[in-house]
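Read through the structure below, which is laid out as structure tokens, and then see the notes.
Every number for a ligand or one of its atoms is a count from 1 in the order of the listing. All values below were derived from every heavy atom in this structure, side-chain atoms included, with hydrogens, water molecules and symmetry-related copies excluded.
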Amino acid sequence: MREYLEIEGGYSLSGEIVVSGAKNAVLPALAATLLAPGRYRFTNWPRLRDLCTMLELLGHLGARVEVRGEVLEVDTSTVEGMEAPYELVRRMRASILVLGPLVARFGRARVAMPGGCPIGKRPVDFHLRGLERLGARITLEHGYILTRADEGLRGAEIVFDFPSVTATENLMMAAVLARGRTEIHNAAREPEVVFLGEMLRAMGARIEGLGTDHLIIHGRNELSPPPAPLSIIPDRIEAGTYLMLPGLIPAEITLVGAEAAHLETPIARLREAGLEIEVEGNRIHARAGGRLRPLRLATAPYPGFPTDLQAQIMALLTRAQGLSFITENLFEKRFQHVFELRRMGADIEVDERTAVIRGPVMLQGAEVEATDLRASACLVLAALSAEGITRIYGLEHLDRGYEGMEKKLRALGARIERKRYEGPASFGPCGPGSGG
Ligand code: UD1
């Protein structure tokens, strides 16, 4: 039995949305529990399919997981396994995050090599070269990355060609248990990387330069679980997605539990497009402020405009008066949503890495297929503003990264329902675990 979302567009929305904990923060934090045996507690964790996949992987390695009320507890005292099987890696590329911690703690790891992916090639060469710099020996066998560091890892200088988020996280986790000092140049500065660094510090790690592109890590012999529960930071991509609503339909919304400091660029660009956005502590109010203006934007690593909001802002720009240009600089195939938006009546041309959106267009409801996580969110936004009914298939992507999206939108007044139908599952080349 498969599911689809049925959305009747055109209804105005108002009310509050509580922002969930960040998917991209909880995944590395869970991987970090492998660095030291013991009990870890997390609050504000999002109920998402990717989180379940990571917990399944930790369980496979021997960890015990328990939910006590609002607290997620992971006990890694009994971890003995060192293998991340293909079945889990194909579901979620972020499974690669266990590689650094496993090899740092046990001196070896066997992790399935992630395959191709609907949004681009997404190689893991930075992760592997970085681990080699730390003294690991890496071989590829039967689709698995075998990593060994019989004498343990030792500190080194690592220079990334590009500030990769998960590669920075993987190497930071490996370096905290390496002998001596590691420097990472051109490191990612995303809030999720900083959050992981703070968790590692709470475990006894010595890390300097968090939030900059130059990290200095002084390795320790051992770490221990943080003494207090860790509250997962709010999901800036989820928040940014909902912030677009007033540009698409008459809407006045308040995000609760958001972190505006993590959303500076998206908020600035949305204001430029004509939205009225006010920040009051951890609440962000947004409403339309007249006619929507077109934008010219390019995705970039943090603090630039996030690639994970590119598809959503494209839906919004179909409503803007004039020509908008979006250049995607991170993932070469991350324009799959364009084809579906066109089926809803959007006027979008793609030239290599740049999409040109001509607006305003009144989108029409249609049957569409979500091809990756953020494309799914783009289609939900488009459907809410469209005339008539839209059916969105491929919900396995949406469920990976948006907690309770239908419920949150319904509470604002949206007509949105999940329905079931008989049909074969159709997973892309890297399974439902791709795309963000
Ligand atoms: C993370 C996020 C994802 C987001 C992306 C970019 C998680 C779990 N996922 O993914 O939601 O879209 O950052 O903000 O946090 N690259 C290489 N070799 C490597 C690694 C990366 O060439 O070894 C390239 C990638 O192909 C891409 C760029 O570097 O072009 C950035 O990717 P990266 O930051 O690594 O993305 P992820 O960490 O996979």
Side-chain angles (χ1 to χ4, degrees), residues 21-32 46 48-51 53-54 57 89 91-100 111 113-133 138 145 158-174 184 186-197 213 232-233 235-238 240-241 262 265-266 298-312 327-337 353 372-378 397 400-402 430 433-436:
K23 166 178 95 67
N24 288 354
V26 76
L27 297 176
L30 287 172
L48 296 173
R49 191 185 284 193
D50 271 9
L51 177 122
T53 306
M54 186 55 96
L57 177 50
V89 177
R91 266 196 256 160
M92 184 182 72
R93 295 179 57 83
S95 308
I96 190 82
L97 283 166
V98 301
L99 182 58
V111 174
M113 179 83 174
C117 181
I119 64 169
K121 293 195 288 284
R122 281 186 114 173
V124 289
D125 53 327
F126 301 165
H127 302 241
L128 305 189
R129 268 193 272 144
L131 286 172
E132 277 176 342
R133 297 277 309 151
I138 294 179
I145 306 163
I158 295 164
V159 183
F160 285 133
D161 293 339
F162 191 89
S164 158
V165 175
T166 46
T168 303
E169 292 167 346
N170 231 339
L171 289 161
M172 205 158 74
M173 290 189 278
I184 305 180
N186 204 15
R189 298 155 61 188
E190 268 69 0
E192 295 77 17
V193 175
V194 175
F195 176 73
L196 173 67
D213 62 359
I232 303 296
I233 54 170
D235 196 315
R236 64 194 165 98
I237 303 301
E238 187 203 23
T241 301
H262 296 168
T265 304
T299 61
Y302 190 83
F305 192 88
T307 175
D308 283 353
L309 285 175
Q310 179 259 107
Q312 299 89 316
T327 302
E328 171 55 59
N329 286 317
L330 276 90
F331 297 112
E332 67 280 9
K333 275 171 47 189
R334 203 170 212 180
F335 275 145
Q336 301 297 311
H337 45 282
R353 282 178 174 264
D372 68 64
L373 171 54
R374 306 307 172 184
S376 318
C378 151
H397 300 295
R400 286 184 40 225
Y402 284 90
C430 82
S434 54

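The CG atom of Leu51 lies 8.5 Å from the CD1 atom of Ile232; values are rounded to the nearest 0.5 Å. Between the CZ atom of Arg129 and the CD1 atom of Ile138 there is a distance of 11.0 Å, given to the nearest 0.5 Å. Here the OG1-NE2 distance, from Thr166 to His127, works out to 3.5 Å after rounding to the nearest 0.5 Å.
On a distance-only criterion, Asn24 and ligand 1 share at least one N/O pair closer than 3.5 Å. The shortest N/O to N/O separation between Asp125 and ligand 1 falls below 3.5 Å. Taking only nitrogen or oxygen atoms, main chain and side chain alike, Arg374 does not reach within less than 3.5 Å of ligand 1. For ligand 1, the polar-atom distance check finds an N/O of Thr166 within less than 3.5 Å of one of the ligand's N/O atoms. Between Ala94 and ligand 1, no pair of N/O atoms sits closer than 3.5 Å. The N/O atoms of Leu27, backbone and side chain alike, include none that comes under 3.5 Å of an N/O atom in ligand 1. Inclusion of Phe162 in the set of residues having an N or O under 3.5 Å from an N or O of ligand 1 is not warranted. Ligand 1 has no N or O atom lying under 3.5 Å from any N or O atom of Lys23, backbone or side chain.
When Leu97, Leu128, Thr307 are checked for heavy-atom proximity to atom 14 (O) of ligand 1, Thr307 turns out nearest. Looking at Asp308, Asp50, Leu309, it is Asp308 that brings a heavy atom closest to atom 11 (O) of ligand 1. The closest non-hydrogen atom to atom 19 (C) of ligand 1, taken over Ala300, Ala188, Pro123, comes from Pro123. The option with the heavy atom closest to atom 34 (O) of ligand 1, from among Val26, Ile96, Val165, is Val165.
The closest donor-acceptor contact from the side chain of Asn170 to the backbone of Gly100 lies under 3.5 Å. Looking only at distances, a side-chain donor or acceptor of Gln310 sits under 3.5 Å from a matching main-chain atom of Arg334. Glu328 places a side-chain N or O within 3.5 Å of a backbone atom of Phe331 that can act as its donor or acceptor partner. The main-chain N or O of Met92 is never found under 3.5 Å from a side-chain atom of Thr53 such that the two would form a donor-acceptor pair. Checking side-chain atoms of Thr265 against main-chain N and O of Phe305 turns up no donor-acceptor pair under 3.5 Å. Using modelled atom types, no side-chain atom of Asn186 and backbone atom of Val159 make a donor-acceptor pair closer than 3.5 Å.
We find that Glu192 and Arg236 are joined by a salt bridge, their nearest charged nitrogen and carboxylate oxygen being less than 4.0 Å apart.
Residue contacts with ligand 1 leave out Ala167, since none of its heavy atoms falls under 4.0 Å from the ligand. For Met54, the closest heavy-atom approach to ligand 1 does not fall below 4.0 Å. Using a 4.0 Å heavy-atom cutoff, Glu192 is absent from the residues neighbouring ligand 1.
Using a 4.5 Å cut-off on side-chain heavy atoms (C-beta onward), Glu169 and Leu27 make no contact.
Counting heavy atoms closer than 4.0 Å to ligand 1, residue Arg334 contributes side-chain atoms (C-beta onward) but none from N, CA, C or O. The parts of Phe126 lying near ligand 1 are both backbone and side chain, judged by heavy-atom distances below 4.0 Å. Heavy atoms of Phe331 found under 4.0 angstrom from ligand 1 belong exclusively to the side chain.
Each of the atoms 23 (O) of ligand 1 lies under 4.0 Å from some heavy atom of His127. Below 4.0 Å from some heavy atom of Leu330 lie the following atoms of ligand 1, by number and element: 6 (C), 27 (C), 30 (O), 31 (C).
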Next item on the list: Could you walk me through whether Thr241 and Tyr402 pass the side chain to side chain donor-acceptor pair (under 3.5 Å) test, one step at a time?
Entry: CA-CA 10 Å; Thr241 301; Tyr402 284 90; 2.8 Å; yes
